[in-house]
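Structure, as C-alpha cells:
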Amino acid sequence: MESYSDLIAERRAEIVERIDAALARAGRADEQVTLVAVSKTVGVDEVVAALGAGYRVFGENRPQELVRKLEGLAQMGDVSAYRFDMIGNLQTNKINTVLGRVALIHSIGSAHLADAVSSRAERRIAEGSLAAPAHVLLEVNVSGEASKSGFAPDEVRACMPHLMELSGIHIDGLMTMAPRGDKDAARRTFSGLRELRDELRERWGLELPELSCGMSEDFEIALEEGSTIVRLGRVVFNPSFALQ
Ligand SMILES: *Cc1c(COP(=O)(O)O)cnc(C)c1O
C-alpha cells in the first residue's frame, strides 16, 4: 500500500500541473502563484508529510490551532523553511496571537478589524516585538451572499482612504470566497474581485498585487481570472477527494 506521504506527493504533482495549465490558458505562464495548503482539518503529522511533498505555505483559520501547529513543528527539529497564513475569521482578542506568527492575514473583513490589527501592530513595533507592519488582504464579499463575511465592494471603496492611513498594516491585495457549486457564479466572483482591485489600484495608486481566491473546487477558474494565491485544503490533504 502507498503511504500517505506518497499519495500527497503524487497529488501535489497533479495540482501543480493543473495550476500550470490554468495559468497557460490565461496567458500567465510566466507568473508565479502561491499555493497555500490549508491545514486546518489535519494534524502536525500531515503537515510534516506535506513539507516532505514540497509544500511550504500553510493556512490556518483558528489562532489556537495555528499555535499548536507551530509548536508541534518546532519540536520536529530541522524541517526546512515554511510559513503560515491566517485565512479565517479573526477576533480582536486573538490578534496578538497571530501577529508575528503569520506571514499574511487574508481575512481583514471590516474597518474595525483593520483598525484593531493596525493599532496592535503599531504597539508591538514600538515595543520591539514585531519587525514590520502586518501584511494583510482585505476580504471582500463580492458575491453578496448573506452567509459570507467581508467588506461589501462599496464599503471597500468608501473605506480605502482610511485604510491607507493605517501605519500598522500593509495591504497586499484582496481576498474572496466564491459561492459553492456554481462555476459561473464562481467565475463572476473572481473576475469581480480582479476588477475591484484594478479600480482601487487606479483610483488610489496602490499596487495591490495579490488576489487570494480559489479553493479545492474552483482554483482553476480562479487562476484563469487572475488569482495569485490559491488556498487549497481537501484537494491537498485528502487523497480521496477527487480533482475535478
Ligand atoms: C477551509 C478553507 C479553504 C480550503 O477549502 P477547500 O475547499 O478544502 O480547499 C480555503 N479558504 C478558507 C478561508 C477556508 O476556510
Side-chain angles (χ1 to χ4, degrees), residues 4 7-8 11-12 14-19 22 33-43 46-47 49-50 53 55-66 68-69 82-91 94-95 97-98 101-110 113-114 117 135-151 172-183 185-187 189-190 192-193 210-244:
Y4 181 72
L7 289 170
I8 67 166
R11 175 49 70 87
R12 183 170 188 277
E14 289 177 80
I15 293 171
V16 168
E17 207 171 284
R18 297 280 189 116
I19 289 174
V33 305
T34 302
L35 198 180
V36 178
V38 177
S39 49
K40 66 188 183 192
T41 61
V42 299
E46 285 83 357
V47 173
Y55 293 100
R56 290 293 175 269
V57 184
F58 298 91
E60 288 287 335
N61 66 347
R62 286 173 38 233
Q64 279 332 109
E65 182 59 20
L66 167 75
R68 197 178 79 84
K69 292 266 174 38
Y82 50 83
R83 82 174 213 213
F84 275 79
D85 287 0
M86 180 69 197
I87 61 166
N89 178 37
L90 181 58
Q91 289 172 335
K94 294 286 162 46
I95 292 169
T97 305
V98 308
R101 285 195 168 96
V102 298
L104 181 63
I105 302 172
H106 291 231
S107 42
I108 301 292
S110 69
L113 183 59
V117 171
H135 285 267
V136 305
L137 305 175
L138 304 178
E139 180 172 357
V140 186
N141 183 0
V142 177
S143 67
E145 285 176 291
S147 62
K148 293 225 169 0
S149 49
F151 288 91
D172 287 3
L174 306 180
M175 179 269 217
T176 200
M177 292 173 67
R180 286 248 161 122
D182 179 341
K183 305 265 180 214
R187 188 177 294 282
T189 301
F190 301 141
L193 189 74
E210 305 291 356
L211 293 175
S212 170
C213 57
M215 306 182 7
S216 289
E217 291 168 33
D218 54 25
F219 68 98
E220 293 167 276
I221 300 172
L223 291 164
E224 289 169 8
E225 297 299 334
S227 170
T228 64
I229 306 176
V230 291
R231 308 179 310 268
L232 307 182
R234 289 166 296 164
V235 80
V236 167
F237 287 105
N238 178 358
S240 59
F241 181 90
L243 260 167
Q244 297 175 347

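Because the structure is a prediction, the values reported are computed rather than measured. Order of appearance sets the numbers: ligands from 1, and atoms from 1 within every ligand.
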Exercise for the section: Scan Val236, Leu232, Ile87 and name whichever one has a side-chain contact (heavy atoms from CB on, under 4.5 Å) with Val38. Expected result: Ile87

Fill in the blank from the handout: For Gly233, the ligand 1 atoms with a heavy-atom partner under 4.0 Å come out as 4 (C), 6 (P), 8 (O), 9 (O)

Problem - Between Glu210 and Thr228, a side-chain donor and acceptor under 3.5 Å - result: yes

Problem - For ligand 1, the portion of Ile87 having any non-hydrogen atom under 4.0 Å away - result: both

Practice task
Mark yes or no: Arg12 above the aromatic ring of Tyr55, with NZ or CZ under 6.0 Å from the six-membered ring centre and no more than 45 degrees from the axis.
Solution key: yes

Practice task
Just need the protein heavy atom nearest to atom 9 (O) of ligand 1, so name the residue and atom and give the distance.
Solution key: Ser216 OG, 2.6 Å

Completion exercise
Which of Leu211, Leu104, Asp172 passes side-chain contact (heavy atoms from CB on, under 4.5 Å) with Ile229? Answer is Leu104

Completion exercise
Judged by heavy atoms only, the candidate from Arg180, Met215, Arg231, Lys40 nearest atom 2 (C) of ligand 1 is Lys40

Problem - Backbone of Val42 reached by a side-chain donor or acceptor of Lys69 within 3.5 Å - result: yes

Completion exercise
Leu232 heavy atoms within 4.0 Å reach ligand 1 at atoms 9 (O)

Fill in the blank from the handout: shortest atom 7 (O) of ligand 1-to-protein heavy-atom contact is with Arg234 NH2, 2.8 Å

